[in-house]
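Hydrogens, waters and symmetry mates are skipped; everything else that's a heavy atom, side chains included, is used. Every chain is numbered from 1, with letters handed out A, B, ... down the list of sequences. Given the structure is predicted, the values throughout are model-derived calculations rather than measurements.
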There are 4 protein chains.
Amino acid sequence: MNKREVQASVKDERLVQKRRDQMIKGAVALFKQKGFHRTTTREIAKAAGFSIGTLYEYIRTKEDVLYLVCDSIYDHVSERLQQDLALKKGTLDSLKLGIANFFQVMDEMQAEVLVMYQEVKSLSKDALPYVLKKEMEMVGMFENLLSRCVENGELHLSEKQVEIIAHNIFVQGQMWGFRRWALRKLFTLEEYIELQTELLLSGIDVGVTRDSEISEK
Amino acid sequence: MNKREVQASVKDERLVQKRRDQMIKGAVALFKQKGFHRTTTREIAKAAGFSIGTLYEYIRTKEDVLYLVCDSIYDHVSERLQQDLALKKGTLDSLKLGIANFFQVMDEMQAEVLVMYQEVKSLSKDALPYVLKKEMEMVGMFENLLSRCVENGELHLSEKQVEIIAHNIFVQGQMWGFRRWALRKLFTLEEYIELQTELLLSGIDVGVTRDSEISEK
Amino acid sequence: MNKREVQASVKDERLVQKRRDQMIKGAVALFKQKGFHRTTTREIAKAAGFSIGTLYEYIRTKEDVLYLVCDSIYDHVSERLQQDLALKKGTLDSLKLGIANFFQVMDEMQAEVLVMYQEVKSLSKDALPYVLKKEMEMVGMFENLLSRCVENGELHLSEKQVEIIAHNIFVQGQMWGFRRWALRKLFTLEEYIELQTELLLSGIDVGVTRDSEISEK
Amino acid sequence: MNKREVQASVKDERLVQKRRDQMIKGAVALFKQKGFHRTTTREIAKAAGFSIGTLYEYIRTKEDVLYLVCDSIYDHVSERLQQDLALKKGTLDSLKLGIANFFQVMDEMQAEVLVMYQEVKSLSKDALPYVLKKEMEMVGMFENLLSRCVENGELHLSEKQVEIIAHNIFVQGQMWGFRRWALRKLFTLEEYIELQTELLLSGIDVGVTRDSEISEK
DNA sequence: AATGAATGAGCATTCATTCAT
DNA sequence: GATGAATGAATGCTCATTCAT
């Protein structure tokens, strides 16, 4: 498989999954509050509902917890998006829907996303590439969406443009999660989604240029 | 003044500034490499070229170093931008120049920016608001640029649009600093600047819509 | 209860008590030798027979050790006295016995008492009042002894006199512990006890007064 | 001379004395407040009105400051007592006066005395004996007073009694300085002096014993 | 003589990890 | 499988002392 496996001493896979879910849930709450470094393994164990001894039956190092958290977050986001995007493909509407859904997921999972983006670099050289790869996969989902629109003649874009726009969408989604404290003073999530989509598809209304273009015809 | 002052035991202001510059330079290098939490005060002192004892003559706590770093970054970026933007105002060209310059600064100061965005939340409740305020000021600079273009009739934008575009520019600039590892595989900085500017000003070429628009005339 | 509890991470009360006893024993020896401030936590841990990590499983701060030491000393002394004084009450003999026992306890616990009187003021504003209260309780025990003798007509004393004598006994007891280095050159403990008791009960033989007494006969 | 000399780099004896007086005055205030160990040399220098650099021109180590403080205190107390006691000698009245004066000095210099008794043991093996010797000299002054009364037939006391009573007076004086926080709730200084003197000279009024003595006659 | 910047040994405290029960 | 007591390396910070100016 593609996963960087985190070793557990316990054999029962079911139990491992259950314990890790408890662990992740507790850890996210703590990381959100105090960050990865300021959170102790004892606190994680307590938040998860068991002892440190037990915690270490399911992970090898504290960093494993961070990895597990990051991994879980990506899985959730990916899953959410894949579901939504599986429907109508290659239409402008599916693109709009995809964007809207992504922004909504970013809003719902704000805490987790925030945690992830502030702590990934704490991952070891070992785990980091794996997480970054996941990120590229998510950007890739938007490239896909866009490419299909291009194929269907709904959009006219160069390859480079597809790539940069996919990045922009991804970053604007994160931006909502990241900078919600500032953006919320200006927009509701709905307004934000609408404005961003509109800008993306119609660009800025450049007065002079447009006028001259029109007058030329 | 508006600054949250970091207290020093040493009185000579000149010396304080000199030592802090050494300190910041060393700290940025270390924070970039291993993050704020994994960097020890001893390492910072060593990188700055003096002993821990001396380090603590110029700060009160380790967090002060982080604050000093953040503060210095903002000051540099602001200064750079203010210089460039002071020239032609309210024209599309000045906007383009502003964006290009900002992206360039983000590229040059990538290390510092990266550090800042991954460590700000480690700042105490005391220092954080001050840093966030600085960030809003920088977004405000782009709002300003845009508003002048609107006043001059070079752009047609609602107030909300001005705000969201300012945010987008800011975030896209950071994105280059943040995600350079991914973007560089696709674009040079110049390409990136050009593509983003173009997208911003002309929007995506939406085939069907345009066609219909033209056909209407 | 009335105790200022020192928090421990370890739950097992038995173990906590055992470890703290080890700790107190080691700490008293060290404090006696070098004082509270010159004794390091590592030394305390080592003297107690475990690692610093373990030390901190049973206390929160170094000051807790001092508090624990003071508290333990008072408990021991109180216990010793209460036992002895529970017997014959309200007679001159019980008073003499009480004094003798107290002086003996002060001799036996000289090390601890010395430590306490030289370090109490290092206790925080939080712990100090509690320790001083304990001290007052001990003085109170002598007031009690004296008052009963007064009630039984064995002594004729004003309330003020009871109070000052109780203080005197207490301080003379400590004096033996405190100034043993000087007093031992002059008296054995037994002599000291006898002399002090005699002085207390018969006063100084004031020549003139005696003369008048004699002339009366 | 009898003094353990504290070395100074500065040659001008006048200046040395002046600077040390400043130092002692500042140090006593600080020691009273926070104790010897919690007071830093920087604080002492500041309180004395000069820089640390200068402080170290007049002492060799921090401990020297403590020694200087202790020494100065003893000198003051001794001086005060010697003055007062030089007058009428060998009478009960001169004894009473001596006691009263001593108690008054202890009251006036409470801060200094308190400091001394809580910090002497911080003195090195080198300085301690010298300070203890000073203490014995003060006890000796009372022995002297008492002996003269005995010689004059004003008191009938064995040698041992003279010694223990001298100690008691000394300790009761310190007691007022030490335990003023408790004693003040019960007595004014004047009452305390009167009660102690009375007890010392007449002893406790032992009802039964006296009765039996009387009945014997 | 005075200053105060520099030094670094030293200290209290934390916390990831282990392992006997 | 679960527990939690034990460990000790690591770290932020202090402060007595020195020395160049």
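- Distance CD (A:Glu57) to C1' (E:dA20): 13 Å, rounded to an integer number of Å.
- A 3.5 Å limit on both hydrogen-bonding distances identifies no Watson-Crick or G-U partner for E:dA1.
- One atom, CZ of D:Phe50, and another, P of E:dA1, lie 14 Å apart when rounded to the nearest Å.
- Ring geometry, D:Phe31 versus D:Phe36: the interplanar angle exceeds 60°, so the pair is classed perpendicular (tilted spans 30 to 60°).
- Summarising the local packing, NZ of A:Lys18 is surrounded by 12 or fewer heavy atoms from other residues, nucleotides or ligands at distances under 6.0 Å.
- Among the nucleotides E:dC11, E:dA1, E:dA9, the one closest to the side chain of C:Thr40 is E:dC11.
- When the side-chain nitrogen and oxygen atoms of D:Arg19 are compared with OP1 and OP2 of E:dA2, one or more of them lie within a distance under 4.0 Å.
- Between the CD1 atom of C:Ile52 and the P atom of F:dT11 there is a distance of 14 Å, rounded to whole Å.
- Nearer to the 5' terminus of DNA chain F, by closest-nucleotide assignment, is the contact made by C:Ser51 (compared with the other of B:His37 and C:Ser51).
- Comparing C:Gly53 and B:Asp12, the nucleotide of DNA chain E nearest to each residue sits closer to the 5' end for B:Asp12.
- Side-chain contact check for D:Arg19 and D:Gln22: at least one donor-acceptor pair (N or O, by modelled atom type) lies under 3.5 Å.
- Shown here, F:dG12 forms a base pair with E:dC11; the pair counts as Watson-Crick or G-U wobble because both key distances fall under 3.5 Å.
- Salt-bridge annotation for C:Glu119 and C:Lys32: absent, with no side-chain N of the basic residue lying under 4.0 Å from a carboxylate O of the acidic one.
- Atom CZ of A:Arg38 and atom P of F:dT11 are 15 Å apart (whole Å).
- Dashed line: the shortest gap from a side-chain N or O of A:Thr54 to OP1 or OP2 of F:dT3 is under 4.0 Å.
- Of the candidates E:dA12, F:dG1, F:dG4, F:dG1 carries the atom nearest the A:Lys11 side chain, counting heavy atoms from C-beta on.
- What separates CZ of A:Arg42 from P of F:dG4 is a distance of 11 Å, to the nearest Å.
- Going from atom CG of C:Leu55 over to atom P of E:dA12 covers 10 Å, rounded to whole Å.
- Regarding contacts with the backbone of E:dT14, every side-chain N or O of C:Tyr56 stays at 4.0 angstrom or more from both OP1 and OP2.
- Annotation: side chain of B:Val131 is in contact with side chain of B:Leu123 (closest heavy-atom distance under 4.5 Å).
- Heavy atoms of D:Ser9 sit nowhere under 4.0 angstrom from any nucleic acid atom.
- Atom OH of B:Tyr58 is separated from atom P of F:dG12 by 20 Å (rounded to the nearest Å).
- Remark: C1' of E:dA12 and CD of C:Glu43 are 13 Å apart, rounded to the nearest angstrom.
- Closest to the side chain of B:Lys62, from the set F:dA5, F:dG12, E:dA12, is F:dG12.
- For E:dA16, the OP1/OP2 oxygens have a side-chain nitrogen or oxygen of A:Thr41 closer than 4.0 Å.
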